[in-house]
Amino acid sequence: MSSARRGVATDEMKQVARDEDVTMEWLLQKIASGSIIIPSNNVRKQKIHNVGIGRGLKTKVNVNIGTSTLNVDPEAEVKKARTAVKYHADTIMDLSDGGDVGAIRRTLLEAAPITFGTVPIYEAYNYGVSVHKNPMNLTEDDFLKAFENNAKDGVDYTTIHAGITKEIAKRILQVQRHGGIVSKGGTITAAWMLKYDKENPYFEHYDYLIELARRYDVTFSLGDALRPGSILDSHDELQVQEMINVARLTRRAHQQDVQVMVEGPGHVPLNEVAANVRLAKSLIGDVPYYVLGPLVTDVASGHDHIASAIGAAVSASEGVDLLCYLTPSEHLALPDADEVKAGLIAYRIAAHAADLVKIRDKAIKWDMAMTEARRTLDWERQIALSIDPEEAARIHSRTGQHPGNNVPCTMCGGACVYIMLPQQRRYEKDKELQQAG
C-alpha cells in the first residue's frame with residue numbers, strides 16, 4: 001500500500017496486472033485506496049505466485065487445512081496443501097491448533113507456494129495447552145507473541161479477532177443465540193476476556209500489531225468472531241456491532257499503510273445473502289470482503305460444500321472478493337485430500353459463476369471457448385477447458401465411449417444434436433462466409 005501511494009509499481013503488482021489484464025495506473029489507484037490488496041510478506045523465503053484480491057478482479061478462492069488437537073498428521077496436511085495448489089486454489093490457510101504448530105506452519109509454507117494465511121490465536125491456544133496446561137491461562141504477551149511468530153515465518157495474511165471487545169463479550173451472555181459463538185478464535189478470546197475481565201489484547205494493542213504488520217508487510221484479515229453459526233442467528237446485534245468495530249480498525253490500519261480485508265459469515269439464509277454483502281460494504285467501505293460460504297441451510301452435513309457454494313455464488317456476485325471454501329466434512333471431521341479437492345472445485349465454480357456477473361466481458365471468454373468445443377465435438381478441447389479436466393476425462397472415457405473427436409458421447413449416442421443436424425457445427429464458417437459476402 002505504501003508503494004502504491006508513492007506511485008511505485010512493485011513486481012507483485014506487475015504480476016497481478018498481467019494476470020488480471022488491467023492497467024498499472026488503475027491497479028495503483030485501487031491498492032492505494034485499499035479496495036485491492038496483494039498479500040505478500042517481505043520475509044517469505046520462497047517465490048510465490050501473488051494474487052490480487054478486491055473489486056474489479058477475479059473472485060479468488062481460499063482453502064483451509066490444518067491439524068486439530070485430536071488429529072495431528074503433518075504429512076496428511078502437506079498432501080492437502082499440494083492438492084490445493086494442484087487444483088488452483090488462490091490462497092491457503094493453515095488453521096493448525098494441534099501438534100507443533102510452528103513447525104507445521106513452516107512445513108506448509110514450503111509445500112504451498114501461493115498466498116498463505118494463518119490464525120495466530122490458534123498458536124496462542126496451543127501454547128496455553130502445552131505450556132500453561134490450560135488454554136485460559138494465556139497472557140496478553142502470548143496473544144501478541146503468536147502474531148509476531150507468524151509474521152516472522154513469512155505468513156502473508158493473518159486473521160485477528162480484534163473487533164470483539166470486552167463490552168461485546170459481556171453482551172454474549174445476555175443475547176440468546178440459537179447456535180452460540182462458533183468461531184474458535186472468537187470463543188477463545190471471549191472466554192479469556194470474561195475470565196480475567198480484561199480487554200481483548202488484539203484490540204488493546206492494535207497499534208502494536210500495525211507496527212509489526214508494517215515491518216513484515218503482513219495483511220490483516222479482520223476476523224468475524226461473532227459470525228452466525230446457524231441461519232437462525234443471521235444478522236443479530238452481536239454480528240453487526242463487531243462489524244462496526246472492524247470498520248473503525250480498518251481505517252486505522254489504512255492510515256499506516258497496512259492492507260486489510262474483512263471477514264464475513266458463516267450461515268445466512270439465501271434471501272439474506274445479498275443484503276449481508278451490501279450491509280458489510282456499507283460499513284467497511286470499498287475494502288476486500290472475505291466470506292466463508294455462506295451456508296444457506298444447516299441440514300446439509302456431508303454436502304456442506306454444495307450448500308455453501310450456493311451462497312458463495314450469490315455473495316460473490318454481489319461483491320465478495322475472496323471465498324473461503326467448505327468441504328463435505330464441514331461440521332463432521334477434518335477433511336482429507338479428496339474432500340479438499342471437492343470443496344475447492346465447488347468453490348471455483350461458484351467464483352466463476354459470480355465473475356460472469358461482475359466482470360462478464362473477461363469471464364465469458366472461458367464459456368465461449370467451451371461452447372465452441374462442444375458444438376464442434378472437440379472432446380480434447382472440452383476436457384482441457386473443464387474446471388476439473390481429470391474428472392471430465394474419467395467420466396467421458398467410461399461406458400463404451402468411442403475415442404477421439406467428432407463422435408457423440410454415450411449420453412445421446414446417435415441422437416446427438418450435432419450429428420442429426422450437422423449444419424450447426426459449421427456455424428462459424430457459414431457466418432464468416434456471410435460476412436465476407
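Just so you know, these numbers use all the heavy atoms, side chains as well, and skip hydrogens, waters and symmetry mates.
A donor-acceptor pair under 3.5 Å is formed between the side chain of Tyr325 and the backbone N or O of Asn64. At least one donor-acceptor pair under 3.5 Å links the side chain of Asn41 to the backbone N or O of Ala151. The main-chain N or O of Leu109 is found under 3.5 Å from a side-chain atom of Arg44 such that the two form a donor-acceptor pair. With hydrogens and angles disregarded, no donor-acceptor distance shorter than 3.5 Å links the side chain of Lys14 to the backbone of Met24. Side-chain atoms of Arg105 never come within 3.5 Å of backbone atoms of Asp94 as a donor-acceptor pair (strictly under, hydrogens ignored).
For Arg374, the CZ atom is loosely surrounded, since the number of other residues' heavy atoms within 6.0 Å does not exceed 12. Residue-environment remark: CD (Glu25) stays at or below the threshold of 12 foreign heavy atoms within 6.0 Å. Shown here is Glu110, whose CD atom has more than 12 heavy atoms of other residues, nucleotides or ligands within 6.0 Å. Crowding of Lys198 atom NZ: a count of heavy atoms from other residues, nucleotides or ligands under 6.0 Å not exceeding 12. Crowding of Arg360 atom CZ: a count of heavy atoms from other residues, nucleotides or ligands under 6.0 Å not exceeding 12.
The pair Asp224-Arg227 counts as a salt bridge, with a side-chain nitrogen and a carboxylate oxygen less than 4.0 angstrom apart. A salt bridge is absent between Glu20 and Lys30; no separation between the charged side-chain nitrogens and carboxylate oxygens falls under 4.0 Å. Using a cutoff of 4.0 Å between basic side-chain nitrogens and carboxylate oxygens, Arg106 and Asp153 are scored as salt-bridged. In summary, Lys362 and Asp21 do not engage in a salt bridge, as defined by a charged side-chain N under 4.0 Å from a carboxylate O. Between Asp321 and Arg55 there is no salt bridge, since no side-chain N of the basic residue sits under 4.0 Å from a carboxylate O of the acidic one. Electrostatic pairing of Asp207 and Arg252 counts as a salt bridge here, judged by a charged N lying under 4.0 Å from a carboxylate O. A salt bridge links Asp388 to Lys341: at least one charged side-chain nitrogen sits closer than 4.0 Å to a carboxylate oxygen. Salt-bridge annotation for Glu211 and Arg215: present, with a side-chain N of the basic residue lying under 4.0 Å from a carboxylate O of the acidic one. Between Lys184 and Asp97 there is a salt bridge, since at least one side-chain N of the basic residue sits less than 4.0 Å from a carboxylate O of the acidic one.
Side chains of Thr187 and Trp192 form no contact here, defined as non-hydrogen atoms less than 4.5 Å apart. Between Ser183 and Leu226 there is no side-chain heavy-atom pair separated by less than 4.5 Å. Annotation: side chain of Ile172 is in contact with side chain of Ile181 (closest heavy-atom distance under 4.5 Å). Between Ile310 and Leu270 the shortest side-chain heavy-atom distance falls below 4.5 Å. A heavy-atom distance below 4.5 Å is found between the side chains of His352 and Leu356. Using a 4.5 Å heavy-atom cutoff, the side chains of Asn405 and Leu377 are not in contact.
A donor-acceptor contact under 3.5 angstrom links the side chains of Thr59 and Lys358, judged on distance only. Checked by atom type, the side-chain pair Glu140/Tyr196 shows no donor-acceptor distance below 3.5 Å. Under the 3.5 Å distance criterion, with hydrogens and angles disregarded, a donor-acceptor pair is assigned to the side chains of His331 and Asp304. Side-chain contact annotation: Gln382 with Asp378, donor-acceptor N/O pair under 3.5 Å absent.
Between Gln239 and Asp236, the shortest heavy-atom distance links the atoms N-OD1, 3.1 Å.
Taking the six-membered ring for Trp and the full ring otherwise, Phe143 and Tyr202 have centroids separated by under 6.0 Å. Aromatic ring centroids of His396 and His402 lie 6.0 Å or more apart.
With rounding to the nearest 0.5 Å, the separation of CG in Leu138 from CG in Asn126 is 10.0 Å.
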Candidate pair Glu390 and Lys86, rule salt bridge (charged side-chain N to carboxylate O under 4.0 Å, His left out), full reasoning: CA-CA 11 Å; Glu390 288 181 358; Lys86 178 180 179 180; 3.0 Å; yes
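The aromatic rings of Tyr157 and Tyr290 sit perpendicular, their planes meeting at an angle over 60°, well past the 30° parallel limit.
A side chain to side chain contact (heavy atoms under 4.5 Å, CB included) with Pro74 is found for one member of Thr107, Ile104, Leu108, Asp100 and no other, namely Ile104.
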